[in-house]
> 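One structure, pasted below without further comment.
Note that this is a predicted model, so its numbers are computed, not measured.
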Amino acid sequence: MDNQATCTALSMSRLRCLLQGLDLKTFIFLFVIVPTGIVGIYFHGQKITYFLRPLWQSPPKPFIEIPHYYHENVSMETLCKLHGWGIRDYPRRVFDAVLFSNEVDMLTIRWKELYPYISQFVLLESNSTFTGLPKPYYFAINRDQFKFVEPRLTYGTIGGRFRKGENPFVEEAYQRVALDQLLRIAGIEDDDMLIMSDVDEIPSSHTINLLRWCDNVPHILHLHLRNYLYSFEFHLDHKSWRASVHRYQKGKTRYAHYRQTDFRLADAGWHCSFCFRHIKEFIFKMKAYSHNDRVRFSHYLNPKRIQEVICNGADLYDMFPEEYTFKDIIGKLGPIPHSYSAVHLPAYLLNNADKYNYLLPGSCRREDG
């Protein structure tokens, strides 16, 4: 007992000596600043990483921008000529191919916009999200709403692999390969036009009509879309580019959602991300899509919080903007300004404004169910 007491006394003595040797600045650094920094990194590490992105990642190679000419009173021959293209004797066939999750309203607006110019609508859905969560076949459940495309529809399903812990982009790539096979079943042939884009990346109808009539269009062309978040009230920027149009080549064309060419056609449609009617759909996508790792804390999925974020035009994940320069990051900090323009939006949306009111300026409230 005496030896133990002696050792304890010596240990306390050494600790007192150590503390006495520390000045106030060192004490504050060790016991205030360091713990605060650790807590800050835990809660805001991802934000710090995004803010410092310009230090570790350079901007991608700029696109070669193709000016886009259009007016309803200008002939197709003149429009093709303005783009430096010739005009065909007859238009190409057009295939619109999408992977479907649960975006019933956006799919309706998309197909109504493109309907006059699409030869075959191709849709594939899985009973699994990209993150391996089980889900119903939502399109099959709502198929009666899409009778207007039924004669031109090639629909397919694919079973999910449900591999927990796997990178979500692996499941996404698996489903895109299956979509390639479905396109062949749909009867696509060389030089047919193929639209590759997510459901919420909607090319304008006049863009597709232009590309199907004009000759000498590039084999692959990205579409520069107006980028919106939550609804057409929050115009984020003009930087959406992943949608693309291809002149199909058997054995060479592969369905993908990344950069495939340097050419981009300006002002070619709309991208409305997280444009859902119900709060539960926001929660579903946050847990289901490839960037589900951004849900760092459970309170991000709180319905009341999500509703406030939508009406404020803020970020669902409390993140810094995904930009490559400090100037761009700082310029986009804070909520997205409200836009009161509903000019040049999809015609079906405006013709059915009562039904899709939540997508228009001034209607940020979402339904709970």
> Would you say the side chain of Tyr117 lies within less than 4.5 Å of the side chain of Ser205, judging by non-hydrogen atoms?
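A side-chain contact exists here, since the closest heavy-atom pair is under 4.5 Å.
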> Restricting to non-hydrogen atoms, name the atom on Leu99 and the atom on Val199 that form the minimum distance, rounded to 0.1 Å.
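So the minimum-distance heavy-atom pair works out to O-CG2, 3.6 Å.
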> Tell me which pairs pass ring pair (Phe, Tyr, Trp, His ring centres under 6.0 Å) where either residue lies in residues 179-214, with sequence neighbours left out.
His68-His206, Tyr70-His206
> Enter the distance from Leu153:CG to Lys147:NZ here, rounded to the nearest 0.5 Å.
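Taking CG in Leu153 and NZ in Lys147, the distance rounds to 13.5 Å.
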> So does Lys81 pair up with Glu77, basic N to acidic O under 4.0 Å?
no
> Applying side-chain contact (heavy atoms from CB on, under 4.5 Å), run through Trp270 and Phe232 and close with a yes or a no.
CA-CA 9 Å; Trp270 314 270; Phe232 293 99; 4.0 Å; yes
> Report yes or no: is the cationic atom of Lys112 (NZ for Lys, CZ for Arg) under 6.0 Å from the centre of the six-membered ring of Phe148, at an angle within 45° of the ring normal?
yes
> Looking only at atom types and distance, does a side-chain atom of His71 sit under 3.5 Å from a main-chain N or O of Asn73, one as donor and one as acceptor?
yes
> Would a distance-only check, ignoring hydrogens and angles, find a side-chain to backbone donor-acceptor pair under 3.5 Å from Arg247 to Pro218?
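Checking the backbone N and O of Pro218 against the side chain of Arg247, no donor-acceptor pair under 3.5 Å is found.
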> Between His299 and Arg305, which heavy-atom pair has the shortest distance, and what is it?
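Heavy atoms of His299 and Arg305 come nearest at O-CD, 3.3 Å.
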> Any side-chain donor paired with an acceptor under 3.5 Å for Ser197 and Arg110?
yes
> Can you check side chain to side chain donor-acceptor pair (under 3.5 Å) on Glu201 and His257, steps first, answer last?
CA-CA 11 Å; Glu201 298 167 337; His257 197 237; 3.0 Å; yes
> Under 6.0 Å between ring centres, would you say that holds for Phe263 and His222?
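So the answer is no for these two rings.
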> Distance alone, cut at 3.5 Å: any donor-acceptor contact between the side chains of Thr154 and Gln120?
yes
> Working to the nearest 0.5 angstrom, can you tell me the gap between Leu223 CG and Asp267 CG?
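It comes to 11.0 Å.
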> Can you name the side-chain contact (heavy atoms from CB on, under 4.5 Å) partners of Lys252, sequence neighbours left out?
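Scan of Lys252 (side-chain contact (heavy atoms from CB on, under 4.5 Å), adjacent residues dropped) gives Gln249.
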> Is a side-chain N or O of Asn127 found less than 3.5 angstrom from the main chain of Gly160, in a donor-acceptor match?
yes
> Give a yes or no answer on whether the side chain of Tyr255 reaches the backbone of Ala97 with a donor-acceptor pair at less than 3.5 Å.
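Looks like yes, one N/O pair under 3.5 Å.
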> Which atom pairs, donor and acceptor, lie under 3.5 Å between side-chain atoms of residues 341-352 and protein residues at least two apart or in another chain?
residue	atom	partner	partner atom	Å
Ser341	OG	Val343	N	3.3
Asn351	ND2	Ala347	O	3.3
Asn352	ND2	Tyr348	O	2.9

> What do the steps show when you test Asp191 against Arg88 for salt bridge (charged side-chain N to carboxylate O under 4.0 Å, His left out), and what is the final call?
CA-CA 13 Å; Asp191 208 42; Arg88 296 166 53 88; 3.7 Å; yes
> Report yes or no: do Asp105 and Thr108 form a side-chain donor-acceptor pair below 3.5 Å?
no
> Is a salt bridge present between Arg161 and Glu171, judged by a nitrogen-to-oxygen distance below 4.0 Å?
yes
> Output the distance between atom CG (Asn357) and atom OG (Ser363), rounded to the nearest 0.5 Å.
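Taking CG in Asn357 and OG in Ser363, the distance rounds to 3.5 Å.
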> For Asp192 and Glu189, indicate whether the former's side chain and the latter's backbone hold a donor-acceptor pair under 3.5 Å.
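Answer holds: yes.
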> Output yes when a side-chain donor or acceptor of Asn312 lies under 3.5 Å from a complementary backbone atom of Glu308, and no otherwise.
yes
> Determine whether a donor-acceptor pair (N or O, by modelled atom type, separation under 3.5 Å) exists between the side chain of Lys135 and the backbone of Ser101.
yes
> What's the spacing between Ile310 CD1 and Tyr230 OH if we round to 0.5 Å?
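Answer rounded to 0.5 Å: 7.0 Å.
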> Between SG of Cys275 and CG of Leu229, what distance do you get to the nearest 0.5 Å?
7.0 Å
> Can you list the residues that meet the ring pair (Phe, Tyr, Trp, His ring centres under 6.0 Å) rule with Phe146, with sequence neighbours excluded?
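Once residues adjacent in sequence are excluded, the partners of Phe146 under the ring pair (Phe, Tyr, Trp, His ring centres under 6.0 Å) criterion are Trp111, Phe139.
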> Taking the six-membered ring of Phe63, is NZ or CZ of Arg259 closer than 6.0 Å to its centre and within 45° of its axis?
yes
> Would the distance check show the side chain of Arg152 and the main-chain N or O of Tyr115 forming a donor-acceptor pair, the cut-off being under 3.5 Å?
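Checked: pair present.
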> Can you list every disulfide bond (SG atoms under 2.5 Å apart) pair that touches residues 172-229, not counting sequence neighbours?
Cys80-Cys214
> Between His238 and His235, how do the two ring planes meet: parallel, tilted or perpendicular, split at 30° and 60°?
perpendicular
> Give every residue pair that meets the disulfide bond (SG atoms under 2.5 Å apart) criterion with at least one member in residues 130-167, sequence neighbours excluded.
none
> Counting distance only, does the side-chain N/O of Arg366 pair as donor-acceptor with the main-chain N or O of Phe276 below 3.5 Å?
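Looks like yes, one N/O pair under 3.5 Å.
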> Nearest 0.5 Å, please: how far is OG1 in Thr253 from NE2 in His219?
9.0 Å
> What I'd like to find out is whether the side chain of Phe95 reaches to under 4.5 Å of the side chain of Ile195, using heavy atoms alone.
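No, every pair of side-chain atoms sits at 4.5 Å or beyond.
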> Using the ring centroid of each side chain, check whether Tyr228 and Phe234 are separated by less than 6.0 Å.
no
> Looking at Lys304, is its backbone amide N or carbonyl O close enough to the side chain of Gln307 to form a donor-acceptor pair, meaning the two atoms are under 3.5 Å apart?
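Not at all, since once roles are kept as given, no pair shorter than 3.5 Å links the two residues.
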> Among Asp198, Leu225, Ile202, whose side chain to side chain contact (heavy atoms under 4.5 Å, CB included) with His271 holds?
Leu225
> Do the side-chain N and O atoms of Thr131 and Thr129 include a donor-acceptor pair separated by under 3.5 angstrom?
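Distance-only check passes for Thr131 and Thr129.
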> Taking the side chain as C-beta and beyond, is there a heavy-atom pair between Glu281 and Glu367 under 4.5 Å?
no
> Would you please say whether a donor-acceptor pair under 3.5 Å links the side chains of Tyr155 and Glu125?
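Present: a donor and an acceptor within the cut-off.
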> What are the two closest non-hydrogen atoms of His83 and Tyr69, and how far apart are they?
NE2-N, 3.1 Å
